[in-house]
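For reference, the structure discussed in these notes is given below.
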Amino acid sequence: MMKMPMMGLGTFRLKGEPLLATLNTGLELGYRHIDTAQIYGNEAEVGEILASTAVPRQDIYLTTKVWTSEFGPGKVIPSLKVSLEKLRTDYLDLALIHWPSPQDEVPMAVYLEQLAEAKAQGLTREIGVSNFTVAQLKEAIDILGPGAIAHQQVEVHPLLQNRKVVEFCQEQGIALTAYMPLAYGKVLTEPLLVEIGKRHGVSAAQVSLAWLLAQGMTVIPSSTKRENQAANLAALKVQLSPDEMAQIATLERGERCANPDFAPAWD
């Protein structure tokens, strides 16, 4: 089973030609991890690239996420089959529950058991969740048993460090992907990150990514510019000192970028 590459291509808010160009450039630069979701409305474009690229399917780590409308009894697996058709592949590397069911409209056991069944059927290699609180992660582990939830994807960046969730996942051996790792660009002008970047000859964005990577998190920044994609990849080589890591940890401000009205009661 392919291990998730630590640097991925996020596709949120990208569609059509811009997305096709972005994915082509990313694969050419050496990215081997693509993150999409049913609600992004761009699985077909991702599928187009998977079908046309010279990179073999088994060399690309592919994640999609099941939307909340597909949680009811008997819905998760058909929705994943539709995703696979659009993505032009017969398996996912990772299938995630995108958000917990709003107001627990659908009991967690209903959709998580279907997700586990999708894995048993070979539709996905691994399963996980996204945007779950510690209490919800505990409930998920109670439902599926320890070790079943391989992954949690959640917003983390220097301005929102989500420490309770991060620590719980690390204790439980649940791998973490940090989405919006650049806080929609807010980190780019953060004086401390700019200053640390100057010391290393890199940008504040690269410092932010390096800080997350140093904690063992995968990052999925989304960028349409070749130079930004290349710079993001180069962040894998940036080594921050323990002192710099500690300084960045002081930037926590609870600045959440993704907070829809159906979000859970965050930790």
Side-chain angles (χ1 to χ4, degrees), residues 6-15 18-19 22 26 33-42 63-68 94 96-102 128-137 151-169 174-194 196-197 203-225 228-229 231-232 235 245 247-267:
M6 300 284 284
M7 180 70 66
L9 290 165
T11 64
F12 179 52
R13 293 188 169 171
L14 293 175
K15 285 185 189 179
L19 176 57
T22 292
H33 171 189
I34 299 172
D35 181 275
T36 182
Q38 293 173 345
I39 197 69
Y40 297 173
N42 62 16
T63 300
T64 199
K65 309 176 204 80
V66 181
W67 190 243
T68 55
L94 180 63
L96 299 176
I97 292 299
H98 203 152
W99 287 85
S101 182
V129 296
S130 180
N131 299 303
F132 273 42
T133 62
V134 171
Q136 288 166 332
L137 287 166
H151 218 94
Q152 151 99 315
Q153 188 176 120
V154 69
E155 181 181 347
V156 193
H157 45 74
L159 311 180
L160 176 79
Q161 299 180 15
N162 233 325
R163 287 186 196 143
K164 281 183 185 165
V165 171
V166 168
E167 281 163 22
F168 181 78
C169 288
I174 297 171
L176 277 157
T177 293
Y179 74 73
M180 294 178 183
L182 305 177
Y184 276 157
K186 282 188 201 167
V187 300
L188 307 186
T189 52
E190 193 56 48
L192 176 65
L193 299 175
V194 172
I196 292 171
S203 68
Q206 287 168 301
V207 171
S208 186
L209 295 173
W211 179 77
L212 293 161
L213 292 161
Q215 297 174 72
M217 293 183 221
T218 295
V219 290
I220 47 168
S222 97
S223 174
T224 53
K225 294 194 175 125
N228 290 348
Q229 286 187 352
N232 291 345
M245 292 290 293
Q247 282 180 296
I248 296 167
T250 67
L251 294 176
E252 165 64 68
R253 296 206 281 268
E255 282 194 30
R256 195 177 288 281
C257 299
N259 198 14
D261 55 11
F262 55 80
W266 300 113
D267 292 296

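Every residue meeting the side chain to side chain donor-acceptor pair (under 3.5 Å) condition with S203, not counting sequence neighbours, appears here in chain and number order: Q206. H33 meets the ring-ring contact (aromatic ring centres under 6.0 Å, His included) test with Y61; sequence neighbours excluded. Checked against side-chain contact (heavy atoms from CB on, under 4.5 Å), T22 has the following partners two or more places apart in sequence or in another chain: L14, T224, Q229. Residues satisfying the side-chain contact (heavy atoms from CB on, under 4.5 Å) criterion with A249, sequence neighbours excluded, are Q161, R163. Partners of F12 by side-chain contact (heavy atoms from CB on, under 4.5 Å), not counting sequence neighbours, listed by chain and number: Y40, M180, Y184. Residues satisfying the salt bridge (Lys or Arg N to Asp or Glu O under 4.0 Å) test with E167, not counting sequence neighbours, are none. In this view, T36 and N42 satisfy the side chain to side chain donor-acceptor pair (under 3.5 Å) rule, not counting sequence neighbours. Applying the side chain to side chain donor-acceptor pair (under 3.5 Å) test to Q152 and every residue at least two apart in sequence or in another chain returns nothing. For S130, the side chain to side chain donor-acceptor pair (under 3.5 Å) criterion is met by no residue, not counting sequence neighbours. Checked against salt bridge (Lys or Arg N to Asp or Glu O under 4.0 Å), E190 has the following partners two or more places apart in sequence or in another chain: R253.
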inquiry  = Apply side-chain contact (heavy atoms from CB on, under 4.5 Å) to residues V165 and T133 and explain how you reach the verdict.
reply    = CA-CA 6 Å; V165 171; T133 62; 5.5 Å; no
task = Before giving the answer on side-chain contact (heavy atoms from CB on, under 4.5 Å), spell out for H98 and T68 the whole-Å C-alpha distance, their side-chain angles and the decisive distance to 0.1 Å.
result = CA-CA 7 Å; H98 203 152; T68 55; 5.8 Å; no
key: Worked check of side-chain contact (heavy atoms from CB on, under 4.5 Å) between L137 and V129   = CA-CA 8 Å; L137 287 166; V129 296; 3.7 Å; yes
inquiry  = Assess the residue pair Q38 and V66 against the criterion (side-chain contact (heavy atoms from CB on, under 4.5 Å)); give the C-alpha distance rounded to whole Å, side-chain angles, the decisive distance to 0.1 Å, and a yes or no.
reply    = CA-CA 6 Å; Q38 293 173 345; V66 181; 3.8 Å; yes
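The structure places CG of L212 at 9.0 Å from CD1 of I248, a figure rounded to the nearest 0.5 Å. Expressed to the nearest 0.5 Å, how far NZ of K186 lies from CG of L182 amounts to 12.5 Å. To the nearest 0.5 Å, atoms SG (C257) and OH (Y179) are separated by 9.0 Å. Taking CG from L9 and CD1 from I34, the interatomic distance works out to 6.0 Å, rounded to the nearest 0.5 Å.
For residues 256-267, the set of pairs meeting the salt bridge (Lys or Arg N to Asp or Glu O under 4.0 Å) definition, not counting sequence neighbours, is empty. Listed by first then second residue, pairs satisfying side chain to side chain donor-acceptor pair (under 3.5 Å) with a partner in residues 208-221 number zero, not counting sequence neighbours.
Scanning both residues, A37 and T64, for their nearest heavy atoms gives CA-OG1, 3.3 Å. A pairwise comparison of heavy atoms in A210 and A235 identifies CB-O, 3.9 Å as the closest pair. Across all non-hydrogen atoms, the minimal contact from A204 to L188 is CB-O, 3.6 Å.
Using a 4.5 Å heavy-atom cutoff, the side chains of I97 and K65 are not in contact. Contact of the T177 side chain with the M217 side chain is not registered, since no non-hydrogen atoms from C-beta on lie closer than 4.5 Å. By the 4.5 Å heavy-atom criterion applied to side chains, E252 and L159 are not counted as neighbours. With a 4.5 Å cut-off on side-chain heavy atoms, L193 and P158 count as touching. Proximity of P260 to W99: side-chain heavy atoms (C-beta onward) are separated by under 4.5 Å at one or more points.
A donor-acceptor contact closer than 3.5 angstrom links the side chains of W266 and N259. Residues H157 and E155 have side chains that bring a donor and an acceptor to within less than 3.5 angstrom of each other.
Of the possible polar contacts, one joining the T11 side chain to the D35 backbone as a donor-acceptor pair under 3.5 Å is found. Looking only at distances, no side-chain donor or acceptor of N162 sits under 3.5 Å from a matching main-chain atom of V154.
The one candidate from L176, L96, T63 that meets the side chain to side chain contact (heavy atoms under 4.5 Å, CB included) condition with H151 is L96.
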